[in-house]
Amino acid sequence: MYSDRWRETDEQPDPLPKRTLRLTGVFVAVVLAGLIGAWLFDSGSAEEATIGQPAPAFEVRGLEDGETFTLQEVVASSDGPIVLNLMASWCAPCREEIPELSAFADSRSDVTVVGVDVEDSFGDFTQFMADVQPTYLVGFDEGAMRANYQTLGLPATFILDSNGVIVDVFNGILDRSILEGLVDEVS
C-alpha cells in the first residue's frame with residue numbers, strides 16, 4: 001500500500017498567503033486614501049479656465065519696469081472680444097504665431113489681444129519679445145496664472161467675450177483666418 005502520509009506530517013502551513021493578503025489590503029488602503037486625499041485637495045484648488053465660465057483672474061508682469069496688469073484691467077478697458085494667447089520663448093510654433101497675432105491685432109481695433117509668456121524665465125521672455133516684437137499687450141506669468149489655464153500644450157488661445165467669459169479655447173498654432181472665425185462667433 002502506498003501512502004503520502006509522511007508528507008502531511010513534515011509540511012508546515014505556509015504563512016505567506018496570509019501575509020500577502022494583508023500586504024495587498026494595506027496597499028489598497030494606502031492607494032485609496034491617497035486618491036481620496038488628492039480629490040479633496042483638488043476640489044478646493046484654484047479656479048480652472050472653462051468654456052462658459054468667467055476667465056480666472058490673473059496678474060502678470062509687463063515688459064516695462066516690472067509693471068503688472070490684471071485680467072480685470074484688460075476686461076475693463078475692452079469693449080469687445082479678448083484674445084488671450086499663452087506662449088513661451090522655447091515654443092517654435094509660438095514664434096511663428098506672433099506675427100499672425102500682431103497682424104490680427106493691428107487690423108481689428110474692436111478686439112483686444114493679450115499674450116502671456118508661461119513656463120519660462122523673465123530673461124528669456126524679454127529676449128523673445130525683442131526678437132518677435134508683438135504689437136499687442138504682453139505679459140510674463142511667474143507661475144500663478146498657468147495653474148488655472150491648463151492646455152494641451154503651447155501655443156494655446158482663449159477667446160473671451162467683453163465680460164471676460166471664456167467662449168472658446170484653441171490649442172495649437174493660429175493663423176489670421178482662424179482668429180477671424182473664432183472672434184466673429186463672439187461679436
Side-chain angles (χ1 to χ4, degrees), residues 46-51 53-151 153-187:
E47 301 175 69
E48 185 176 312
T50 305
I51 293 175
Q53 298 296 316
F58 63 79
E59 180 176 13
V60 294
R61 184 175 172 187
L63 272 172
E64 309 283 328
D65 302 325
E67 69 187 51
T68 63
F69 64 88
T70 66
L71 175 62
Q72 184 179 6
E73 292 167 346
V74 171
V75 170
S77 66
S78 177
D79 292 330
I82 300 164
V83 174
L84 174 61
N85 179 259
L86 304 184
M87 60 184 163
S89 66
W90 47 264
C91 168
C94 299
R95 199 170 284 271
E96 276 183 56
E97 184 179 63
I98 289 175
E100 294 285 332
L101 286 165
S102 290
F104 176 80
D106 293 344
S107 70
R108 294 288 301 260
S109 60
D110 61 320
V111 178
T112 301
V113 178
V114 178
V116 178
D117 188 283
V118 297
E119 301 175 8
D120 220 340
S121 72
F122 189 72
D124 289 344
F125 162 65
T126 56
Q127 183 60 54
F128 179 43
M129 294 300 101
D131 292 345
V132 295
Q133 300 182 359
T135 60
Y136 51 88
L137 179 64
V138 293
F140 176 75
D141 171 42
E142 295 180 333
M145 176 198 173
R146 183 65 169 142
N148 297 338
Y149 288 81
Q150 296 294 314
T151 62
L154 294 176
T157 305
F158 293 81
I159 308 298
L160 315 178
D161 67 14
S162 60
N163 298 314
V165 174
I166 300 171
V167 295
D168 208 345
V169 178
F170 188 88
N171 288 287
I173 190 168
L174 288 169
D175 62 23
R176 196 166 168 185
S177 65
I178 294 171
L179 272 167
E180 292 286 350
L182 291 170
V183 168
D184 287 345
E185 290 179 14
V186 178
S187 301

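Computation of the quantities below employed the complete heavy-atom set of this structure, encompassing side-chain atoms and omitting hydrogens, waters and symmetry-equivalent molecules.
- Considering all non-hydrogen atoms of both residues, Ile178 and Asp175 come closest at N-OD1, 2.9 Å.
- Counting all heavy atoms, side chain and backbone alike, Ala49 lies closest to Ile166 at CB-CD1, 3.6 Å.
- Listed here is the closest heavy atom pair of Val167 and Ile51: O-CG2, 3.8 Å.
- For Glu96, there are no salt bridge (charged side-chain N to carboxylate O under 4.0 Å, His left out) partners two or more places apart in sequence or in a different chain.
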Do any side-chain atoms of residues 124-133 form donor-acceptor pairs under 3.5 angstrom with protein atoms, and if so which ones, sequence neighbours left out?
residue, atom, partner, partner atom, Å
Asp124, OD2, Ser121, OG, 3.2
Thr126, OG1, Phe122, O, 3.3
Thr126, OG1, Gly123, O, 2.9
Gln127, NE2, Asp131, OD1, 2.9
Gln133, NE2, Ala130, O, 3.4

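- At most 12 heavy atoms of other shown residues, nucleotides or ligands fall within 6.0 angstrom of atom CD in Gln72.
- Asn148 places no side-chain N or O within donor-acceptor distance of the main-chain N or O of Pro56, the cut-off being under 3.5 Å.
- For Asp161, there are no side chain to side chain donor-acceptor pair (under 3.5 Å) partners at least two apart in sequence or on another chain.
- The salt bridge (charged side-chain N to carboxylate O under 4.0 Å, His left out) search around Arg108 returns Asp110, Glu180, Asp184, not counting sequence neighbours.
- Distance check, rounded to the nearest 0.5 Å: CD1 of Ile159 to CZ of Phe170 gives 9.5 Å.
- Counting only residues at least two apart or in different chains, salt bridge (Lys or Arg N to Asp or Glu O under 4.0 Å) contacts with residues 79-91 are absent.
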Worked verdict on Val60 versus Phe69 for side chain to side chain contact (heavy atoms under 4.5 Å, CB included): CA-CA 6 Å; Val60 294; Phe69 64 88; 3.4 Å; yes

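- Here Ser109 pairs with nothing under the side chain to side chain donor-acceptor pair (under 3.5 Å) rule; sequence neighbours left out.
- Val113 and Phe104 get closest at one heavy-atom pair: CG2-CD2, 3.9 Å.
- Taking CG of Leu71 as the start and OH of Tyr149 as the end, the distance is 5.0 Å to the nearest 0.5 Å.
- Looking at residues two or more places apart in sequence or on another chain, you find a side chain to side chain donor-acceptor pair (under 3.5 Å) between Asn85 and Glu97, Thr157.
- Looking at every heavy atom in both residues, Leu160 comes nearest to Ala55 through CD2-CB, 3.8 Å.
- A side-chain contact (heavy atoms from CB on, under 4.5 Å) with Arg146 is found for one member of Val116, Leu86, Asp120 and no other, namely Leu86.
- Residues Glu73 and Leu137 fail the side-chain proximity criterion, which asks for heavy atoms closer than 4.5 Å.
- At distances below 3.5 Å, not a single donor-acceptor pair connects side-chain atoms of Ser78 with backbone N or O atoms of Val74.
- Between Asp117 and Ala88 the shortest heavy-atom distance is OD2-CA, 3.5 Å.
- Partners of Thr68 under the side chain to side chain donor-acceptor pair (under 3.5 Å) rule, at least two apart in sequence or in another chain, are Glu59.
- For Ser162, there are no side chain to side chain contact (heavy atoms under 4.5 Å, CB included) partners, not counting sequence neighbours.
- To the nearest 0.5 Å, the span separating CG on Asp106 from CG on Leu101 amounts to 10.5 Å.
- Residues passing the side chain to side chain contact (heavy atoms under 4.5 Å, CB included) test with Pro93 are Cys91, Pro155, Ile173, sequence neighbours excluded.
- Between the Thr112 side chain and the Ile82 main chain, no donor and acceptor come within less than 3.5 Å of each other.
- Listed by chain and number, the residues in a side chain to side chain contact (heavy atoms under 4.5 Å, CB included) with Ala156 are Thr151, Asn171 (sequence neighbours excluded).
- For the salt bridge (charged side-chain N to carboxylate O under 4.0 Å, His left out) test, residues two or more places apart in sequence or in another chain that qualify with Glu142 are Arg61.
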